[in-house]
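The structure under discussion appears below in the form of structure tokens.
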Amino acid sequence: MSRHDLVRVRIPASTANLGPGFDCLGLALDIYNTVELSLAVATTVEITGEGQGQLALGPSNLILQAADRLAEQTGQQVPGWHLRQHNRIPLARGLGSSSAAIVGGLIAANELLEGGLDRQQLLEIATEIEGHPDNVAPALFGGLTACCVEAEDVCCVRLDAPRELDIGVVIPRFEVSTQQARQVLPEQVSFDDAVFNLSRAACTLAALVAGRWEVLSAVMKDRLHQPHRASLIPGMEEVIAAAEKAGAHGAALSGSGPTVVAFATEQQDTILDAMVAAFDSFNVEATSFWTKPNNQGAVIVDEEVSQ
Ligand code: HSE
């Protein structure tokens, strides 16, 4: 028996890698999807917002797969689910939409079925489903997260993200799947490139925590994934350069792209205009907006899903 008939969860978007922190660093953002889940005799799905008409309405829906996984893991039989999801996170743009779905499904089912799993256990299941922890961790815990994975154990250290930082988000009109963006990565990297990235990943995290914005553009540099992904995202390198030239403290490909994010505390108008114009010079149409880091992570909410 559940103490709830229906559970609503609000899950933040996230930006992963932050330049050099490939598969390790993540930051939750103030953009949300909402999941409403209840038990039913047969499964039904309603989707509004991003992905409406595109996302699966049956058992292959990622939220339902995560909910089924939670039921299986806690030894419970569920005849069906009623799922209502309202999405504001664009799909396949590098803003953690699949992680938000997985985290939403796991938290909602855990609450509904009184599964009793804690957030660390949910992180481990979510990481296994997603394949890497750097979007699911900020979606679950909020803030700035650093993760590593050893077999099935996920070590995640969460820090409060600096709310004074504005995050400029520039989203090209086309999609890039994470699978596609991982296929272009090399199987091996040089010792020099490994050291280049690990030193900059450490500096990026330390600079964000210490508020040392002036070092961000120098340290948010990457040799492991962005150069390889440039072939999938026309103008990516120029958009990052344009952001920094216009006054951003640093900029990077968001997760596996194609979105580019910029970190700023001033010059916000000129930064986004410069980034959109740089994409435009490669004939890439892009939308843009500013958001803030989110420090709450996924939360169970009372209010109805708003459209
Ligand atoms: N770290 C992952 C990648 C994030 O870059 O492939 C996917 O959003």
Side-chain angles (χ1 to χ4, degrees), residues 11-29 31 33 50-51 62 66 87 89-104 123-124 126-141 143-150 154-158 167 169-172 174-189 193-194 196-198 200-202 204-205 208 220-233 236-237 239-240 250-261 291 293-294 297-298:
I11 317 100
S14 50
T15 181
N17 301 328
L18 311 184
F22 181 75
D23 275 4
C24 167
L25 298 181
L27 177 69
L29 302 175
I31 313 163
N33 284 357
E50 298 287 338
L62 194 51
N87 298 333
I89 309 172
L91 305 186
R93 298 302 208 288
L95 290 167
S97 63
S98 61
S99 290
I102 293 165
V103 165
L123 172 67
E124 280 162 10
T127 301
E128 197 192 315
I129 299 173
E130 179 73 333
H132 41 85
D134 49 338
N135 286 108
V136 292
L140 260 169
F141 299 118
L144 181 59
T145 53
C147 295
C148 62
V149 183
E150 178 73 40
V154 183
C155 172
C156 175
V157 180
R158 179 209 174 275
I167 316 290
V169 180
V170 180
I171 310 176
F174 62 89
E175 298 185 356
V176 172
S177 73
T178 298
Q179 190 191 10
Q180 189 186 3
R182 291 178 87 86
Q183 271 166 3
V184 299
L185 301 180
E187 281 183 15
Q188 294 190 325
V189 298
D193 288 353
F196 181 98
N197 263 66
L198 70 86
R200 280 159 184 77
T204 297
L205 184 60
L208 286 171
M220 282 177 69
K221 297 285 178 267
D222 162 73
R223 285 189 189 165
L224 297 188
H225 68 108
Q226 291 184 177
H228 305 287
R229 288 170 166 171
S231 61
L232 301 173
I233 304 153
M236 180 202 80
E237 280 157 339
V239 173
I240 292 173
L253 188 65
S254 184
S256 56
T259 294
V260 175
V261 286
T291 186
N294 159 284

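Order of appearance sets the numbers: ligands from 1, and atoms from 1 within every ligand.
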For this session: Kindly say whether A252 contributes a backbone atom to a donor-acceptor pair with the side chain of Q226 at under 3.5 angstrom?
Result: no
For this session: Keeping the roles fixed (side chain from R93, backbone from I171), state whether a donor-acceptor pair exists under 3.5 Å.
Result: no
Problem set entry | Main-chain N/O of G255 paired to N17 side chain as donor or acceptor, under 3.5 Å | yes
Problem set entry | Main-chain N/O of N33 paired to N87 side chain as donor or acceptor, under 3.5 Å | no
Exercise. Under a strict 4.0 Å criterion on non-hydrogen atoms, which protein residues are in contact with ligand 1?
Worked result: N17, F22, D23, H132, D134, N135, T178, R182, R229, G255, S256
For this session: Compute both the distance and the angle, then confirm whether R223 meets the cation-pi test with F196: under 6.0 Å from the six-membered ring centre, within 45 degrees of the axis.
Result: yes
Exercise. Do side-chain atoms of R200 reach the backbone of K221 as a donor and acceptor pair under 3.5 angstrom?
Worked result: no
